[in-house]
Amino acid sequence: MTNLKKVNEQSILVKTVLSLDTHFQSLERLSTRIGESELKSEFDYSQIRRLMLAFAESAHSVSTEFVELLTVISEAKNRAEAAAQVVAAKADQLKERQDNEQIQAEAFRSLTEKVSLLNSEMKLLQRPAGETLSEEDKAVLTEQLAKLDLQLRPLIEEAVHLKKEARTSGLKTLEQNADALGQSLAAASHKLSNHVQSQTM
């Protein structure tokens with residue numbers, strides 16, 4: 001890659017700094033030559049005038065490049081601030097999604113806890129296989145199962161609502177989990193309802 005191609009690929013900020021540095025070096029080099037010059041002959045005077053003219057031109061170039069650098073830095077600052085605003089806006093969106101995901105995950109955790117408690121109550125109602133129940137025991141069991149069924153229904157609605165919220169938020173895994181839980185609860189409710197109806201007929 002040629003030096004020219006490298007320069008063309010550089011940012012305006014780098015180009016301005018390099019140009020300013022070049023003029024600074026020229027200024028220092030001319031200053032050194034002027035300081036070391038001896039004024040002994042007409043040629044010396046002519047040479048010093050030429051060097052001073054070149055020094056003035058370099059000083060003007062330094063001043064011009066310095067102003068240009070300040071302008072470039074100001075523009076770079078504005079671009080950096082604009083870029084920061086874009087990132088900040090995206091960060092706000094990310095935080096909003098994370099907060100929403102956390103809220104819905106907490107809602108699902110709370111729902112699973114309610115389901116777990118209800119499952120524990122259902123297990124307490126289970127009777128050993130082959131056990132014969134009296135009519136009174138059957139009536140009590142049927143009433144208790146009916147109450148459990150009533151408790152299941154709001155949990156089903158909660159699972160359906162959570163599934164919709166997760167779908168809207170694009171939380172696929174949570175949507176699938178809420179759907180699976182809702183279907184399990186619906187199946188359990190259907191089973192309880194059938195059992196209650198069979199006992200009351």
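All heavy atoms count here, side chains included; hydrogens, waters and symmetry mates do not.
Within the 4.5 Å cutoff, the side chain of Leu148 has no heavy atoms near those of the Leu152 side chain. Residues Glu158 and Leu155 are in side-chain contact: their nearest non-hydrogen atoms beyond the backbone lie under 4.5 Å apart. Between Glu165 and His161 the shortest side-chain heavy-atom distance falls below 4.5 Å. Counting heavy atoms from C-beta outward, Thr64 and His60 have side chains that approach closer than 4.5 Å.
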Check step by step if side-chain hydrogen bond (donor to acceptor under 3.5 Å, both in side chains) holds for Asn119 and Ser116. CA-CA 5 Å; Asn119 282 335; Ser116 179; 5.8 Å; no
Go through the steps to decide whether Lys95 and Asp99 satisfy the test side-chain contact (heavy atoms from CB on, under 4.5 Å), and finish with yes or no. CA-CA 6 Å; Lys95 184 178 183 304; Asp99 290 345; 2.8 Å; yes
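Here the shortest heavy-atom pairing between Gln151 and Leu118 reads OE1-CD1, 3.4 Å. For Ser58 against Ser26, the heavy-atom pair with the smallest separation is OG-OG, 3.1 Å. The minimum heavy-atom distance linking Glu65 with Leu20 is given by the pair CB-CD1, 3.7 Å. Across all non-hydrogen atoms, the minimal contact from Gln104 to Leu162 is O-CD1, 3.8 Å.
One finds the CD1 atom of Ile48 at 9.0 Å from the CZ atom of Arg33 (value rounded to the nearest 0.5 Å). Here CD of Gln47 is found 5.0 Å from CG of Leu51. Values are rounded to the nearest 0.5 Å. Summarising the geometry, atom CZ belonging to Arg49 is positioned 13.0 Å from atom CD1 belonging to Ile34; distances are rounded to the nearest 0.5 Å. A distance of 9.5 Å separates CD1 in Ile156 from CG in Leu181, rounded to the nearest 0.5 Å. To the nearest 0.5 Å, the span separating CD on Gln176 from CG on Leu171 amounts to 11.0 Å.
With a 6.0 Å radius and a threshold of 12 heavy atoms from other residues, nucleotides or ligands, Glu38 has its CD atom at or below the threshold. Other residues, nucleotides and ligands contribute only 12 or fewer heavy atoms inside 6.0 Å of the CD atom of Gln102.
Electrostatic pairing of Lys164 and Glu175 does not count as a salt bridge here, judged by no charged N lying under 4.0 Å from a carboxylate O.
For the pair Asp21 (side chain) and Val17 (backbone), a donor-acceptor distance under 3.5 Å is absent. Between the side chain of Ser189 and the main chain of Leu185, no donor-acceptor pair closer than 3.5 Å is present. Not a single donor-acceptor pair under 3.5 Å links the side chain of Ser46 to the backbone N or O of Glu42. A distance-only check finds no donor-acceptor pair linking the side chain of Ser31 to the backbone of Leu27 [under 3.5 Å]. In this structure, Arg97 contributes its side chain and Ser169 its backbone to a donor-acceptor pair below 3.5 Å. The backbone N or O of Leu18 lies less than 3.5 Å from a partner atom in the side chain of Thr22, making a donor-acceptor pair. Side-chain N or O atoms of Thr112 include one that pairs as donor or acceptor with a backbone N or O of Phe108 at under 3.5 Å.
Under the 4.5 Å side-chain heavy-atom criterion for ILVMFWY residues, a single connected hydrophobic cluster contains both Val62 and Met52. No path of Ile, Leu, Val, Met, Phe, Trp and Tyr side chains, each step under 4.5 Å between heavy atoms, connects Leu53 with Tyr45, placing them in separate hydrophobic clusters. The hydrophobic clustering, which links ILVMFWY residues whose side-chain heavy atoms are closer than 4.5 Å, places Ile12 and Phe66 together.
Checking Gln183 against Asp179 by side-chain atom types alone, a donor-acceptor pair falls below 3.5 Å.
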Let me have the donor-acceptor pairs involving side chains of residues 67-79, under 3.5 Å, with sequence neighbours excluded, atom names and distances please.
{"residue": "Thr71", "atom": "OG1", "partner": "Val67", "partner atom": "O", "Å": "3.1"}
{"residue": "Lys77", "atom": "NZ", "partner": "Glu81", "partner atom": "OE2", "Å": "2.6"}
{"residue": "Asn78", "atom": "ND2", "partner": "Ser74", "partner atom": "O", "Å": "3.4"}

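Remark: Arg153 engages Asp149 in a side-chain hydrogen bond (donor to acceptor under 3.5 Å, both in side chains) (not counting sequence neighbours).
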